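Have a look at the structure below, then the notes.
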Protein chains: 2
Amino acid sequence: MEIDIGARLKSVRQGRKLSQRELARRAGVTNATISLIEANQVNPSVGALKRVLDGIPMSLAEFFAFEAPAPRKAFYKADELAEVGKGKISYRQVGADLTGRALQILVERYAPGADTGRVMLSHDGEEGGVIIRGRLEVTVAGQVRVLGPGDAYYFESRQPHRFRNVGKEPCELISACTPPSF
Amino acid sequence: MEIDIGARLKSVRQGRKLSQRELARRAGVTNATISLIEANQVNPSVGALKRVLDGIPMSLAEFFAFEAPAPRKAFYKADELAEVGKGKISYRQVGADLTGRALQILVERYAPGADTGRVMLSHDGEEGGVIIRGRLEVTVAGQVRVLGPGDAYYFESRQPHRFRNVGKEPCELISACTPPSF
DNA sequence: TTTCGATGTTCAATATATTGAACATTCTGA
DNA sequence: TCAGAATGTTCAATATATTGAACATCGAAA
């Protein structure tokens, strides 16, 4: 493969001033595993690499982020918008990689009965959206409203909020939020 | 591991309308490999996953970009969207008053022949959008593309850009930009 | 010097990913 | 209805990752 996983891991590990053994202990693998990975003498499993990175800690996305210096795409065909989420709620994101971006734009789909649940997330930023098809019950800070095609919403993300498709047909909407930081 | 590699791969593969065998052929692995990975019955090696993604094609960074996404959004907002535009190009804005807001969300309508003009707009921030109806020619930093329903774009606003409806029917799209400076 | 602790390396044993081929199912066209 | 092609699945055989333990090297302290 074109990318040097061994050098990448070694660089990351040494950047945190961790020995192979210490990282191995935190990650729950043996030091031999780390030695072999860094020497590129094995082709690690995703699971093993994930465990190792958990010990750092670093996400797989971060670990591989360096390999994508490709010029940022400006256009996305409908079928190349990656579908995320299974079950009743799914969304397709404009642009696969969010790092460094100021905006997250999603095409969201709620199956009949779909519900984000009472879990009210609180994060910084603001978000809004426009309903394309179907009907959606939106709850924000205690206020409830059922929105249809052409209707829209906008609020500060720290306010408790919830989405629910109370109709009989799928609901599709386009949303934007900022910043897309987690 | 916490992320569902199988579901992610399946989603990506199906999004590109590829069969397991077709993807396997392009990637240079067997269809069994892809079947097993998608069923989460194996813990694929990074190399194997890389080869599979090469067949799509998609980078590992893109593949794992969804490792940490959990944007749940929703809030309710008015259904009377303020009319901002004029003539062949009109905008209906989500939220009447932008002061203090981090996001501007618009429902834009381009009549046939509508054109933002040869003079490339240029301002700070980033913007993106998704086409709802009709066809729109988008030019960004010299790149030209005609987008249809479901297609999307995203770019930094400082790059010269231009929108033009080259079709015979009105084009409608939903866009977002930040900050809402004109 | 010598010993000790910590480092990274190597290798046989074991666990597991990948293959190759067969299987069942679904769909389409005749 | 049938035949063929295309789909996803399963499993024994094989290839390879991971382990556990031993090895070598280095620097610090006595």
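Since this is a predicted model, take the numbers as computed values, not measurements. The basis for the numbers below is simple: all heavy atoms, side chains too, and nothing from hydrogens, waters or symmetry mates. Letters A, B, ... mirror the listed sequences (proteins, then strands); counts begin at 1.
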Less than 4.0 angstrom between a side-chain N/O of [X] and OP1 or OP2 of [N], yes or no?
X: A/Ser45; N: D/dT18; answer: yes
X: A/Gln41; N: C/dT10; answer: yes
X: B/Ser35; N: D/dT9; answer: yes
X: A/Arg13; N: C/dT7; answer: no

Would you kindly give the [atom1]-to-[atom2] distance between [X] and [N], to the nearest whole Å?
X: A/Asn43; N: D/dA15; atom1: CG; atom2: P; answer: 16 Å
X: A/Glu22; N: C/dG5; atom1: CD; atom2: P; answer: 17 Å
X: B/Lys10; N: D/dT7; atom1: NZ; atom2: P; answer: 14 Å
X: A/Arg25; N: C/dA6; atom1: CZ; atom2: C1'; answer: 14 Å
X: A/Lys50; N: D/dT18; atom1: NZ; atom2: P; answer: 15 Å
X: A/Asn40; N: C/dT9; atom1: CG; atom2: P; answer: 12 Å
X: A/Gln20; N: C/dT7; atom1: CD; atom2: P; answer: 10 Å
X: B/Leu9; N: C/dA17; atom1: CG; atom2: P; answer: 15 Å

For residues 29-36 of chain A, which side-chain N or O atoms pair as donor and acceptor with protein atoms under 3.5 Å away, sequence neighbours left out?
| residue | atom | partner | partner atom | Å |
| --- | --- | --- | --- | --- |
| A/Thr30 | OG1 | A/Thr33 | N | 3.4 |
| A/Thr30 | OG1 | A/Thr33 | OG1 | 3.1 |

I need a per-nucleotide contact map over nucleotides 20-26 of chain C, read 5' to 3'. Cutoff is protein heavy atoms under 4.0 Å; write B for the base, S for backbone only, - otherwise. BBB----
Pairing residues for B/Arg164 by the side-chain hydrogen bond (donor to acceptor under 3.5 Å, both in side chains) criterion, not counting sequence neighbours: B/Glu137
Note: for B/Ser19 and A/Val29 on DNA chain D, the residue whose nearest nucleotide lies more 5' is B/Ser19
Inter- and intrachain pairs under salt bridge (Lys or Arg N to Asp or Glu O under 4.0 Å), touching residues 23-36 of chain B, at least two apart: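 Passing the test, one end in residues 23-36 of chain B: B/Glu22-B/Arg25, B/Glu22-B/Arg26.
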Locate the shortest heavy-atom distance separating A/Leu18 from A/Gly55; write the atom from each residue and the value. CD1-O, 4.4 Å
Would you tell me whether B/Asp4 and B/Asn40 have side-chain atoms, one donor and one acceptor, within less than 3.5 Å of each other?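 Looking only at side-chain atoms, B/Asn40 and B/Asp4 do form a donor-acceptor pair, the distance falling under 3.5 Å.
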Please identify each residue that fulfils salt bridge (Lys or Arg N to Asp or Glu O under 4.0 Å) with A/Arg13, with sequence neighbours left out. A/Glu38
Could you work out, with salt bridge (Lys or Arg N to Asp or Glu O under 4.0 Å) as the rule, every residue matching B/Arg21, not counting sequence neighbours?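 Result, salt bridge (Lys or Arg N to Asp or Glu O under 4.0 Å) vs B/Arg21: none returned.
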Side chains of B/Ile131 and B/Val146 in contact at under 4.5 Å (non-hydrogen atoms): no
Do the non-hydrogen side-chain atoms of B/Ile37 and B/Val42 ever get within less than 4.5 Å of each other? yes
Please tabulate the protein-to-nucleotide N/O contacts below 3.5 Å involving nucleotides 12-14 of chain D, giving atom names and distances.
none

Within the structure shown, what part of the strands sits under 4.0 Å from A/Ala48 by heavy-atom distance: base, sugar-phosphate, or nothing?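 The answer is sugar-phosphate, as A/Ala48 gets under 4.0 Å only of primed atoms, P, OP1 or OP2.
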